[in-house]
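Okay, structure first, notes after.
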Amino acid sequence: MAPALHPEAAELLERSRRLGADPRNTNYAGGNTSAKGTATDPVTGHDTELIWVKGSGGDLGTLTESGLAALRVDRLRALADVYPGVEREDEMVAAFDYCLHGKGGAAPSIDTAMHGLVDAAHVDHLHPDSGIALACAADGEKLTAECFGDRVVWVPWRRPGFQLGLDIAAVKAANPQAIGCILGGHGITAWGDTSEECEANSLHIIRTAEAFLADKGEAEPFGPVLDGYAALPETERRERAAALAPHIRAIASRDRAQVGHFDDSEAVLDFVARTEHPRLAALGTSCPDHFLRTKIRPLVLDLPPAAPLEETLARLDELHTAYREEYAAYYQRHAAPDSPPMRGADPAIVLIPGVGMFSFGKDKQTARVAGEFYLNAINVMRGAEAVSAYAPIEESEKFRIEYWTLEEAKLQRMPKPKPLATRVALVTGAGSGIGKAIARRLAAEGACVIVADLNGDNAAMVADELGGPDKAVAVTVDVTSEDQIAAAFRQAALAFGGVDLIVNNAGISISKPLLETTAKDWDLQHDIMARGSFLVSREGARLMAAQKLGGDIVYIASKNAVFAGPNNIAYSATKADQAHQVRLLAAELGEHGIRVNGVNPDGVVRGSGIFADGWGAQRAATYGIEEDKLGEFYAQRTILKREVLPEHVANAVFALTGGDLTHTTGLHIPVDAGVAAAFLR
């Protein structure tokens, strides 16, 4: 049985979650909190002072016990006696391991010294927009004194680390009246004798700074609206964003594939409409948490939203070339012999006046958070410009943070990406049966998934099951409608930046002998499967070609595409049509790096929407068996004598798209447990 959580640590978790739940207090995964208390040393039986501090990684708003590091205060403070100086302060991070109390918990972060060395029972280090606005103002020290008097002290910029902890401890000792400090170019730190007092001091600093900026600041710190740069109406804006998204994703993915996120919030649209946005964007973000996720500056389109699309795309390509050259020059200016290699020269943030902001990352959450951080940066710029001038830390200091060996070590410790990481899949008929199983498998392997289905409620339930909007989004699609298919791909572009993988799975089946098959039966099945697959593939190929990332199209055809069975003329003919589409498109789309393959399932009864909607009863009647015995019947007529399940079809889709068959296109994989009459020849 695990020991009960120490009361001080329990109270720390509650305080952390309260502070982290309000984005005005700190950004996502930003800041850290701590509490000190006395506990019994199990070795000596004596009381010893411990500190519980939020460890490396994680988010304050969702902090749990496993996210805390527990250290002995006496050993942590003793490190000051062996501290080798600021030039070697990175060595102190490894020394924190020798101060740990017991096993488990999170790894101590770089800010551990700040919490341990400050003579206060409780410490909060946060990144509120209001506090960073003062921290990044040209005369931040003067403004801090004007805003807080002597209750909050200014600490000049210093990179996070052991020396910053010593600096803050000295400031606290020299200013007993102070409740905290503004850290130049960085954030705030507050302290208190109790958890309640510490939280109150943190909130006092944040809210007082907010009020100061509001009362003293200019009404339009970003200047007047540029002529022609106002936001487009919402419908037109989102149409434009969807048209731009795959091209911008190509820009952000030159060095490595990225997932996208789109934000057209009022704050973003206002910023990119104003006269000062080019100057401020060029200055870059400041707080270390910001530019680690956004890069030091965004790519900014310098055309109004009414510019023709082709002109806009051409200009974005020109700006991208310049951005890559400038980023490489930035790296060369500051890189030392032991600096990590350049990680890529593409932008993480792209600002489009009148339209919004595109942000990118290794997955949807990372892309979304990068956008949130740039929104934090906009708020910081607004606050700083309102009362002074925005003056972020020097470029050389930004480089020291971005290419910090400790940051590189953190990146190297991250788990290996899943096979389909950075890929976006659109699966039709994904609300049930085979499509649902495919959506589940692709999401489990790291893909973001567009769950497309005629039944919007089913699609929504599957998307929720897969993890919600950072993992999957639902779209209601009738694949016989060109307009609905185009709308689905626009939604995919806005949700994730584009699409890399299409699974044509939507289907229907009506089992009748030739003389009972109507033209309506024929047309309905061909409209959904043959024509629907063509329409989906055409729209998807258009988007994939714009992305320049290659892609996969997989058709869920059928054994019946090659096998002649009774009472099945319309269904089997449309499946044969799909099978030949695979061959035709494989030949045509290869020049774009798009691979087209197919899967030929058979007898997938369990969980199948088609079988549940009458097809099962019709096929059972054809074979003269009970409907609930149909799966067993199909299994017994196979070579392997095994029933085929939706998950087996999903396995084949992953085999085709998971990275091991990169040189395979035009292939059909049978998933039928072995039907000799359907062997491909």
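Excluded from the calculations below are hydrogen atoms, water molecules and symmetry mates; all remaining heavy atoms, backbone and side chain alike, are included.
Looking at Lys418, its side chain does come within 3.5 Å of a backbone N or O of Ala444 through a donor-acceptor pair. Between the side chain of Arg17 and the backbone N or O of Leu63 there is at least one donor-acceptor pair closer than 3.5 Å. Without hydrogens or angle criteria, Lys548 side chain to His592 main chain gives no donor-acceptor distance under 3.5 Å. Of the possible donor and acceptor atoms, none in the side chain of Thr26 sits under 3.5 Å from a partner among the backbone N and O of Leu126.
At a threshold of 4.0 Å, the pair Arg297-Glu326 does not count as salt-bridged, since none of the basic side-chain nitrogens sits closer than that to a carboxylate oxygen. Note on Arg159 versus Glu397: no salt bridge recorded, every NZ/NE/NH1/NH2 to OD/OE distance being 4.0 Å or above. A salt bridge is defined here as a Lys NZ or Arg NE, NH1 or NH2 lying under 4.0 Å from an Asp or Glu carboxylate O, and Glu210 with Arg207 meets this definition. By the 4.0 Å N-to-carboxylate-O rule, Arg324 lies close enough to Asp255 to be salt-bridged with it. Salt bridge annotation for Arg368-Asp470: present, with a cationic side-chain nitrogen under 4.0 angstrom from a carboxylate oxygen. By the 4.0 Å N-to-carboxylate-O rule, Arg237 lies close enough to Asp264 to be salt-bridged with it. In this structure, Arg423 pairs ionically with Asp552, as a charged nitrogen and a carboxylate oxygen lie closer than 4.0 Å. A salt bridge links Glu482 to Arg538: at least one charged side-chain nitrogen sits closer than 4.0 Å to a carboxylate oxygen.
The aromatic rings of Phe399 and His334 are tilted relative to each other, their planes meeting at an angle between 30° and 60°. Note: His277 and Tyr229 have tilted aromatic rings, judged against thresholds of 30 and 60 degrees for the angle between ring planes.
For His125 and Thr189, the side-chain atoms include at least one donor-acceptor pair closer than 3.5 Å. For the residue pair Glu318 and Tyr323, no side-chain donor N or O sits within less than 3.5 Å of a side-chain acceptor on the partner. Under the 3.5 Å distance criterion, with hydrogens and angles disregarded, no donor-acceptor pair is assigned to the side chains of Arg595 and Thr662. At a cut-off of 3.5 Å, with distance as the only test, no side-chain donor of Asp478 or Ser481 sits close to an acceptor on the other residue. Side-chain atoms of Asp346 and Ser253 form no donor-acceptor pair, as typed in the model, at a separation below 3.5 Å.
When ring centroids are compared, His247 and His320 stay outside the 6.0 Å threshold.
Within a 6.0 Å radius of CG in Asp338, more than 12 heavy atoms belonging to other residues, nucleotides or ligands are found.
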For the pair Tyr28 and Phe373, evaluate ring-ring contact (aromatic ring centres under 6.0 Å, His included) and give the outcome as yes or no after the intermediate values.
CA-CA 8 Å; Tyr28 176 81; Phe373 272 76; 7.4 Å; no
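For the pair Arg343 and Tyr403, the cation-pi test (distance below 6.0 Å, angle within 45°) is passed.
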